[in-house]
Amino acid sequence: MERYRGKRHFAKTSEPRGADAPAGESAGFVVQIHDATTTHFDFRLEVDGVLKSWSVPKGPSADPREKRLAMPTEDHPLEYREFEGVIPSGEYGAGPVIVWDEGTYRPLSEDFAHALERGHATFWLDGGKLHGGWALTRFRGGGTHGGDEGREAWLLVKQSDARAAREARTPDPQRARSALTRRTLKQVTEEDGDAD
């Protein structure tokens, strides 16, 4: 949580600070749409008492042929699963956030946290929109060199199962509605404060 908290001024942003919670029995996930410098989807899995997080520029696809880039970000507190609102201008990640999908997941990989550390983990999602088997695979490690070649990068891929869909379309982030409030990014900005 140190990296997460170090990037935020909690006197200014309504994002949760997060308690140092022990790992629980439940395993939840959330996919948020975040209209920051670029609009992207944030994919988060509950692991060992935090939300392991990846930025997925094009969003998850239910088509197994579509491999989606997933760039890891800092761990987030469990309370972030329910965060929806506007991160104020001048703050890290300024812009509106909505919860696009949420639910539970169950690991398919043995020793799930260790599988993520090794760079390949499979899991089953039971969400409002996303269902079935998925995999996260690291294809580039985070080295000490500068530039993109040193940045860790993963792929988020739907497994071929009964919940897969050929030619599935990721929704337009500007038209997508919140799974919690049915609001769009624009409505969140208008109702919760202007991020400009």
Side-chain angles (χ1 to χ4, degrees), residues 1-8 15-34 40-83 99-145 148-165 168 170 179:
M1 289 293 89
E2 189 175 326
R3 188 171 165 219
Y4 168 85
R5 290 177 183 144
K7 292 184 172 188
R8 290 160 176 84
E15 294 170 280
R17 179 176 177 76
D20 293 317
E25 290 299 315
S26 65
F29 83 93
V30 66
V31 180
Q32 289 157 312
I33 300 177
H34 186 180
H40 61 278
F41 292 71
D42 287 313
F43 184 80
R44 309 187 199 282
L45 293 173
E46 181 181 334
V47 181
D48 291 341
V50 298
L51 292 174
K52 295 288 183 188
S53 301
W54 292 263
S55 173
V56 182
K58 293 184 177 180
S61 171
D63 185 341
R65 298 171 301 176
E66 293 187 4
K67 297 172 175 64
R68 293 297 170 90
L69 176 67
M71 300 298 288
T73 65
E74 71 276 10
D75 294 345
H76 283 54
L78 297 180
E79 295 90 340
Y80 216 92
R81 279 182 63 184
E82 299 173 3
F83 176 71
V99 173
W100 178 69
D101 194 19
E102 49 115 24
T104 60
Y105 82 94
R106 64 182 163 85
L108 299 176
S109 298
E110 195 171 318
D111 191 357
F112 193 71
H114 193 240
L116 281 173
E117 285 176 22
R118 289 192 313 266
H120 178 72
T122 57
F123 46 93
W124 186 274
L125 297 180
D126 285 308
K129 299 180 177 85
L130 301 179
H131 306 278
W134 295 76
L136 273 164
T137 305
R138 184 172 51 228
F139 70 91
R140 186 174 63 212
T144 55
H145 354 90
D148 279 344
E149 49 286 348
R151 268 193 87 184
E152 190 175 324
W154 295 62
L155 293 175
L156 175 65
V157 182
K158 178 74 184 77
Q159 294 183 334
S160 292
D161 57 30
R163 303 313 297 256
T170 303

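Please read all numbers here as calculations on a predicted model, not as lab measurements.
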Do [X] side-chain atoms and [Y] backbone N/O form a donor-acceptor pair below 3.5 Å?
X      : Y      : value
Arg81  : Val31  : no
Glu102 : Val30  : no
Lys158 : Gly133 : yes
Asp42  : Gln32  : no

Next item on the list: Answer yes or no: is there an ion pair linking Arg138 with Glu152, defined by an N-O contact shorter than 4.0 Å?
Entry: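 So Arg138 pairs with Glu152 through a salt bridge.
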
Item checked: Whether Phe112 and Phe123 hold their rings parallel, tilted or perpendicular, with breakpoints at 30° and 60° ->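 Phe112 vs Phe123 ring planes: perpendicular.
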
Next item on the list: Quick one: sort the His76 and Tyr80 rings into parallel, tilted or perpendicular, breaks at 30° and 60°.
Entry: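 His76 and Tyr80: perpendicular rings.
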
Note to self: Set out, in order, the CA-CA distance, both residues' side-chain angles and the distance that settles salt bridge (charged side-chain N to carboxylate O under 4.0 Å, His left out) for Arg65 and Asp63, then state yes or no.
What the structure shows: CA-CA 5 Å; Arg65 298 171 301 176; Asp63 185 341; 2.9 Å; yes

Next item on the list: Can you sort out the partners of Asp111 under side chain to side chain donor-acceptor pair (under 3.5 Å), two or more places apart, ordered by chain and number?
Entry: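 Testing Asp111 for side chain to side chain donor-acceptor pair (under 3.5 Å), a comparison that skips the adjacent residues, returns none.
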
Notebook entry, point to check: Listed by chain and number, what are the side chain to side chain donor-acceptor pair (under 3.5 Å) partners of Thr104, not counting sequence neighbours?
Noted result: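 So Thr104 forms no side chain to side chain donor-acceptor pair (under 3.5 Å) with any residue.
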
Checklist line | Minimum-distance pair of heavy atoms, taken over all atoms of Gln159 and Ala164 | finding: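 For Gln159 versus Ala164, the nearest heavy atoms are O-CB, 3.7 Å.
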
Check: Shortest non-hydrogen contact from Gly49 to Leu78?
Finding: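 So the two residues come closest at O-CG, 3.5 Å.
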
Notebook entry, point to check: Under the ring pair (Phe, Tyr, Trp, His ring centres under 6.0 Å) test, which residues partner Phe41, sequence neighbours left out?
Noted result: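 Testing Phe41 for ring pair (Phe, Tyr, Trp, His ring centres under 6.0 Å), a comparison that skips the adjacent residues, returns Trp100.
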
Notebook entry, point to check: Can you tell me how far CH2 of Trp154 sits from OG of Ser55, rounded to the nearest 0.5 angstrom?
Noted result: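 Rounded to the nearest 0.5 Å, the OG-CH2 separation comes out at 14.5 Å.
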
